[in-house]
Amino acid sequence: MTDLETRLRDELNAAADDVRTSPDAWQRNQALLASDRAGRRSRATWLVSAAAVVVVVVAAFTVLSGTGDDRPTPPAGSDPFEDGGLLGTPVEVARLGSGPTAVRLEMAIADGKGHRPDMCTRFVTGPDSASACGGQSDDPENALVAFDYLSGSQGATTSVQGVVDTRVSTVRAWLSDGTEIRPRLVALGVDELRGFAVPTKKGEPYAVRLAAYTSDKKGLEYVNLAARFGTDWVPTGPVSGCPAGLDCQLQNLDPGLIADVIREPDRVVVLVWPEVSEMEVSGPSAVNRNGPSDGVPSPLVRVLVITPATFGRSLDAQLTVRAFDGPNSVEKKAPLP
Amino acid sequence: VSGPTLDLVDSDDGTDVAGDYAALFAGQFGAMTRLATLLGADDPEDVAQEAFVRLHSRSRTLRDPHASLAYLRTTVVNLSRSRLRHLQVVRRHNEAPPAAADSAEAHAVRREDARELVAALGNLSARHREALVLRYWLDLTEAEMSDAMGVSRGTVKSHVSRALDALGLVLEGSR
């Protein structure tokens, strides 16, 4: 351990020792649990009502905004759409279907609890609606973070929705079958933020990957929803088409262009995401440049297999793999054998 | 934390999980509050409370002490990151930003000016900060950090390495 690491450990321990908790923390927790139970009872009532509606309009919504199967919904009486807690006017960001059974997704920024802006969404079918606020955000101080909020819903309508800032010109979304969708970005009237949603019907492929680009096609952020929402919501198990014996669990793959690089005794296997248009493999004195191989069953994660025959020389040395998405690229070293 | 008295029986299959929950709260609430503080949350105790409330609804997780602790850590990491993001939007939206000097983090830093590295954590990205706190304060393994941060082990390694580099640069810049 370096001096820097030792000093950091000591300082963290000292800072942690200074933190004190409230003497009534347990009592506060019990009060919060009681409130949560009341909220869940209220939601259960709503779901029972909605279940009857489902038969007719096929639209029930459960909103996810945390990890795993957390499904927070505002307690009764705290819906900012109803209570006027919105910073802007709700706008329709997407619509699924048409006529009386259409599902409209409305979005707004809310001044939650008077001090905490939230992304709020409302799913509306005919006279029925369900709303929730909140969403996951990542790495707030990082200039490369483009998605201010992300959340999802699960039910008769499965949807992922989020907010982007002014740097973002295009959002690309890939569904679980590899289909690409470019959702519309709708101004929310607050801080030039714009909202989007990718809704699909139950049983149909749904969004598993997002990418945000500037107007000059620079990739700002790539997000795998499995890492955000857990595998209770997104597909579980290995990605179809994954070469036998490899770990291709969505949640374990890197989000940035190159999902994984695996060296095996007689080959190097590179997994890349669908936006990758070109690959470059270089060794001590050779460079190969081409696209990922075609004909792989899964269009979501594509595979490039490097062998001595395809590379033109031995794979004994360190290899560097680069993947390109327009002007964007990611580089990874293949581990030494 | 004062001694909890228990009256909750609230799980999917009716099993009494009150004892597990109370013991976990007594043993880990302080640690989760400290974790949220070190991650820079402006309301660390609220973050810890929210994590426990979310855990309470997951009775199957609650019956496994290791899974409970992992769930709490992940939730505190995610909530702290969300709080930072929320604060950024608040500051953009409000003309009068909240006084950062009143944050728990600033309070902790004020108590000991000599904690230069802890203060420098505030200049790192949230992911880098998480990596350092989980690695050097909680002493988590790469696998545990991978679960808590929701990224691959390779990304964990990369975050730790880059965070240490960034921390070194911040310190150099302050001199």
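So you know, we letter chains A, B, ... as the sequences are listed, proteins then strands, and number each from 1.
If you measure heavy-atom distances from L35(B) to chain A, you find no contacts under 4.5 Å at all. Residue L38(B) touches chain A through its side chain alone, counting heavy-atom pairs closer than 4.5 Å.
There is a side-chain donor-acceptor pair under 3.5 Å between T155(B) and S152(B). Using modelled atom types, one finds no donor on one side chain facing an acceptor on the other under 3.5 Å when comparing R54(B) with T75(B).
Between chain B and the options T6(A), T2(A), D254(A), heavy-atom pairs under 4.5 Å are most frequent for D254(A).
A salt bridge is absent between D147(B) and R153(B): the closest approach of a Lys/Arg side-chain nitrogen to an acidic carboxylate oxygen does not fall below 4.0 angstrom.
For W273(A) and Y222(A), the distance between ring centers is not under 6.0 angstrom.
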